[in-house]
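Remarks on the structure that follows.
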Protein chains: 2
Amino acid sequence: MDLEKIISNVKNNREQIDFNISVDCVLFTVQDNKLKVLLTKLLPGNEWVLPGGFIFRSENVETAAIRVLKQRTGLDQIFLQQFNTFSDPNRFLFRSLIKDLGLETIDIVQLPERVISIGFFALVNYELITLTGGEFEEDTCWAEVTKLPKLMFDHQIIIIEAMESLRKELYFKPIAYNLLPEKFTMPELQKLYEIILDKKMERSSFQKKMLKWDIYERLNERKTGGAHKQPFLYRFDTMKYKVAIEKDIKFGM
Amino acid sequence: MDLEKIISNVKNNREQIDFNISVDCVLFTVQDNKLKVLLTKLLPGNEWVLPGGFIFRSENVETAAIRVLKQRTGLDQIFLQQFNTFSDPNRFLFRSLIKDLGLETIDIVQLPERVISIGFFALVNYELITLTGGEFEEDTCWAEVTKLPKLMFDHQIIIIEAMESLRKELYFKPIAYNLLPEKFTMPELQKLYEIILDKKMERSSFQKKMLKWDIYERLNERKTGGAHKQPFLYRFDTMKYKVAIEKDIKFGM
DNA sequence: GCAAAAGTGTTGCAGATACACCCATGG
DNA sequence: CCATGGGTGTATCTGCAACACTTTTGC
């Protein structure tokens, strides 16, 4: 990612790309029992930004978001959800950006004014990403949502709103499994809920609630390696989930 | 609203207006116990469209939506909520639109390709609108959501998604009062819920649920005029609502 | 006075919570 | 063998749906 590249992009690809609209992706993961988001830099040494990009005229915004995430993570099956549009007239001004970065030599006549951005949040398991980690740039990091560094533009607001949306969603839909490996245990799932909703829960009640929804398949395996009794492994079952939705099951916490 | 006006707009106002992005407003109201949406026409005799408009470079998308609704209804205090972005590459093509309408004489070189639209749904009390109804054009109507006429572009999809969002919201937030006059009765509120959620409810339970939330103020007045026992009048109380949110009250149906 | 609508009280059931108890594992 | 974590059963509590009963109004 390189700002000058972006700017030459703007000048040379007006036919293919809409430079008034972008997507910004808040990619969440959980590592060391902490909720984190992926950040990157436009210029080395500068402030952090969310991974994002402009939209090709031949694609819709979801496709653009998938493209951006694929480019960052190597994955193209990431859980993704649009949550808001950011359109403050002063949120992203090419002209002031270039001035701030001391790139005044660039001819800015053809650059658009305000850029409107569609915010997406995405969920991914940390281990899946590190598997394809080879392509990461140095100017990329996982930042704890409680300890965000200084961010450019309105990206802090975008992250905060993404978290609110994630919480609201998790409160009513069982989307947390997207943050876990394919096979996971109930204690792991509970830990996730506790981290995201920032609320301790009772072990037995939690488990019963999850099982009652009947959307997780219990495998004939148990998690080995840890000390103490080995917990069962579960897997999210898409078919069961569809059946549960048909039955109008409520997934509220 | 006039298509040729729009097109001359595009040509003459590129400085002020972003013609790649628009807002479309699904304005709901309830009349005769039916849920209806406001529709309009681009050209007399042509198909229906949702009220919408482009976005000034000096405003955000919410302001644009408020502007569009104010222009249609005379009201600027309408409950409004963004619900999705519509960006299919073929959803709105100026070029094919002009061709379809037989306006091929128009020079289309400067028109944008695909227009991305931000969808809003809005709620308004029917009586409030008719008060300022003088400025309505002939080519404007309230269409029942169950009997939609043929619509241009992807506007039918937008309405359907708006309804789903409205239902989902109403299921978890007490927004229905926006469709009622300031003072309303519990039976009226219940009727609304039944229309929107398309589900009959038990009178006594409904009333208790509403009162338990403690967000409606019971007035020392009763609704007169109808036959039978006069029901109490209530008013949505913003302060009480804030308190209830603080208390983490669940407004689920 | 009666029918219909609205307010209020009562009861029973289902779901959730809290707790208890047991089991398994590694150190 | 014991501390800890995990599975499962059970008692209790709560909320709410369903129903009953009462009150009020217009005709």
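FYI, side chains are in, hydrogens and waters are out, and symmetry mates aren't considered; it's all heavy atoms of this structure. All values derive from a computational prediction rather than experimental measurement.
OP1 or OP2 of dG7(D) has at least one side-chain nitrogen or oxygen of Q207(A) nearer than 4.0 Å. Residue K223(B) has no polar side-chain atom (N or O) positioned under 4.0 Å from OP1 or OP2 of dT25(D). Between Q230(B) and dA5(C) there is no side-chain polar atom (N or O) within less than 4.0 angstrom of OP1 or OP2. Within the 4.0 Å cut-off from OP1 or OP2 of dG15(D), not a single side-chain nitrogen or oxygen of K208(B) is found.
A salt bridge links D24(B) with R91(B): at least one charged nitrogen is closer than 4.0 Å to a carboxylate oxygen. Salt-bridge formation is not detected for the pair K199(B)/E194(B): no Lys NZ or Arg NE/NH1/NH2 atom is positioned less than 4.0 Å from an Asp or Glu carboxylate oxygen.
Here F28(B) and Y126(B) keep their ring centres 6.0 angstrom or further from each other.
To the nearest 0.5 angstrom, D139(B) atom CG is 5.5 Å from W48(B) atom CH2. Between the CD atom of Q31(A) and the CD1 atom of I129(A) there is a distance of 10.5 Å, given to the nearest 0.5 Å.
At whole-Å resolution of the value, CD in Q190(B) and P in dA5(C) are 12 Å apart. In this structure, the CZ atom of R203(B) is 9 Å from the C1' atom of dT8(C), given to the nearest Å. In this structure, K200(A) places its NZ atom 14 Å from P of dA18(C), rounding to the nearest Å. Atom NE2 of H228(B) is separated from atom P of dG1(C) by 19 Å (rounded to the nearest Å). Here dT24(D) presents its C1' atom at 11 Å from CZ of F232(B), a figure rounded to the nearest Å. One can place CD of E221(A) at 19 Å from P of dA24(C), the figure rounded to the nearest angstrom. Atom CG of L211(A) is separated from atom P of dG7(D) by 9 Å (rounded to the nearest Å). In this structure, the NZ atom of K250(A) is 19 Å from the P atom of dG15(D), given to the nearest Å.
When distances run from any side-chain atom of K229(B) to the nucleotides dT24(D), dA16(C), dA3(D), the shortest one goes to dT24(D). Comparing dA17(D), dT8(D), dG6(D) by their closest approach to the side chain of K209(B) singles out dA17(D). Distance from the side chain of S204(B) is smallest for dG9(C) among the nucleotides dG9(C), dT4(D), dA18(C).
Taking the nucleotide of DNA chain C with the nearest heavy atom to each of P231(B) and E202(A), the more 5' of the two is matched to P231(B). Comparing R218(B) and S205(A) along DNA chain C, the residue whose closest nucleotide (by nearest heavy atom) sits nearer the 5' end is R218(B).
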